Amino acid sequence: MRLGIRLQLLAALGALLGLAFVPLFFAVASLTSASMTQARELSARALGRAVAAHLATARATRPPAELEPLIASYLGQGGVAAIAVLDASGNRSTSLGNAAALKAIPPGIAPGAEEIRAVRTSHGAALLLIVPSAEPEPGSVAVVIRTDAEPAAPLVRLVALYTGVMALSLLVFAYFSLTRLIVRPIDELSRAAGRVAAGARSLEVPRGGARELGELGESLSRMMAKLRADEEALRTKIAEIERYAADLKSAQQRLIRSERLASVGRLSAGLAHEIGNPIAAILGFQDLLLEGGLDPREQRDFLERMKRETERIHHVLRDLLDFARPPVREAGGRPGIVEVAVRDALSLVKPQKSARGIEISAEIEPSLPEVTLPPEGLVQVLLNLLLNAIDELGLADVKPGRILVRAHQTKPEGMVRLEVLDNGRGLANEVRDTLFEPFVTTKEVGRGTGLGLAVCRGLVESAGGSIFASDRPEGGARFVVDLPVAEIP
Ligand SMILES: Nc1ncnc2c1ncn2[C@@H]1O[C@H](COP(=O)(O)OP(=O)(O)OP(=O)(O)O)[C@@H](O)[C@H]1O
Ligand SMILES: [Mg+2]
């Protein structure tokens, strides 16, 4: 758990003052206690000497019977706990006082020099004072004065009270000053930042407190203003980008529209050309026939020519229909077997006169899966590609012309890839981008309508596949057909 700044401040100040004042208290208390004990010992010594001197005199002048009441009168005064009058051999002649204190006087004290000993009785610390006396006979007086009473205790309590009050007031003072200087401005800054986070537009700088915190607030406020300006600039940029994106989109749509119009234009132009020419020819023959005056042989010749032109129109229209309505893949329709289709297509193409002198070979990966394009479609696509390659090799006059049909399964897509490669001149630049559109051809009238590849694309795409063409690095063209594998029913 994380404590608030106030609690942490309080704990730190408390620990600091504790560290400073507790040793100070113990030092002062022990000093006071020591000096009090010293003073007590001094006074005990003076008292003991006076009592001993007085008793020594009394011993010399009074009979021993009077000594006892005199001794008794001293007991209890200034801590005097026991008094013993000792003869020359150290035996007690008279002794009175507290039993525990009397025990502290050792037997057999020989008279000699004055002696002071610190002793312990069962009641506490005491001083034993032995004062020698010479008259009327040598001996000594022993006085036990208690020093264990705690004269320093009230003073020590006073010192404790003083240091306690001092520490507490310092703590309160430091706490309130630090709160006013640091904690409150930080609180204000934090609240202001919270308001900014909630959406306020400006940061209020705390007025009171330490100068550094004021400066921090000013810096934050400046940073906010900069952020606001940046945000504004960003908004403007985003609006600009949105405008550009909209412009781009409408331009793209215009482009698509015009491209569509262009395709329609190309389609109609091709159609007009491919159908218009035979129709014009037919019309010409009809005029000649209607004029009459032709012999039967000529009439037959014209009719045969009209038939050929009509067949040409029919052929174009059939191809166009194939392109416009490629056979729809029926659910559960027959899948195509690439190996069989390649064999069929090659057996149709190889006997052609135009294929003579061309080496046609095939490399088919064994156990290829069946594809989604039905067998007739597959043969038609292969035929169109093979006939194009044969046309190209004938036109390019390459010796020897070579055509390779390849098929394998691609990894990791798992499609069946069919390739037709030749060693002709490659794709002509003017048709490279529009190869698969209808009526795009480089061949002269009567030799090509430009529908072959358009039909291929229609068939392949209707089977969920794709077709593309490229030049081979070693020369020639490469047509690639990718077909999905048919699902096993
Ligand atoms: N193997 C190839 N090498 C070079 N160019 C090719 C090849 N195959 C096709 N082309 C180019 O693509 C054009 C379009 O071919 P596509 O099969 O669509 O029409 P076409 O062969 O001209 O006429 P159609 O097939 O309708 O009789 C061709 O005219 C030719 O320029
Ligand atoms: Mg063709």
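These figures come from a predicted structure and were not determined experimentally. When a ligand or atom number is given, it counts from 1 through the structure's own listing order.
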Protein heavy-atom partner closest to [atom] - residue, atom, separation in Å:
atom	value
atom 12 (O) of ligand 1	L435 CD2, 3.0 Å
atom 4 (C) of ligand 1	G426 O, 3.3 Å
atom 14 (C) of ligand 1	V440 O, 3.1 Å
atom 21 (O) of ligand 1	K443 NZ, 2.5 Å
atom 16 (P) of ligand 1	L453 N, 3.6 Å
atom 3 (N) of ligand 1	E392 CG, 3.4 Å
atom 31 (O) of ligand 1	T442 OG1, 2.5 Å

Using a 3.5 Å distance criterion without hydrogens, assess whether the side chain of [X] forms a donor-acceptor pair with backbone atoms of [Y].
X	Y	value
E339	P366	no
D422	A477	yes
E365	A407	no
S35	L31	yes

Atom of [X], atom of [Y] and distance for their closest heavy-atom approach:
X	Y	result
L427	R432	O-NH2, 3.3 Å
G424	L393	N-CD2, 3.6 Å
V480	R417	CG1-NE, 3.5 Å
E392	G426	OE2-N, 4.2 Å

With a 4.0 Å cut-off on heavy atoms, does [X] reach ligand 1?
X	value
A428	no
A389	yes
D422	yes
P438	no

Checklist entry - For ligand 1, which atoms sit closer than 4.0 Å to a heavy atom of G452? => result 16 (P), 17 (O), 18 (O), 24 (P), 25 (O), 26 (O)
Checklist entry - Going by the atom numbers of ligand 1, which of them fall below 4.0 Å from some non-hydrogen atom of T441? => result 20 (P), 22 (O), 29 (O)
N/O to N/O below 3.5 Å, does that happen between [X] and ligand 1?
X	value
G448	no
G450	yes
N388	yes

Next on the checklist: If we set the cut-off at 4.0 Å for heavy atoms, which region of L385 has an atom near ligand 1: side chain, backbone, both, or neither?
Outcome noted: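 Answer for L385: neither.
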Next on the checklist: Side chain, backbone, both or neither: which applies to F479 and ligand 1 if a contact is any heavy-atom pair less than 4.0 Å apart?
Outcome noted: side chain
Checklist entry - Below 4.0 angstrom, N of the basic side chain to O of the carboxylate: do E232 and R228 qualify? => result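 Salt bridge flag = no for R228 with E232.
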Looking at [atom1] of [X] and [atom2] of [Y], how far apart are the two atoms once the value is rounded to the nearest 0.5 Å?
X	Y	atom1	atom2	answer
H315	R318	NE2	CZ	5.5 Å
F285	M306	CZ	CE	8.5 Å
L382	L418	CG	CG	5.0 Å

Item to check | Heteroatom test (N, O or S) for N388 near the Mg ion (ligand 2), limit 2.8 Å | outcome: yes
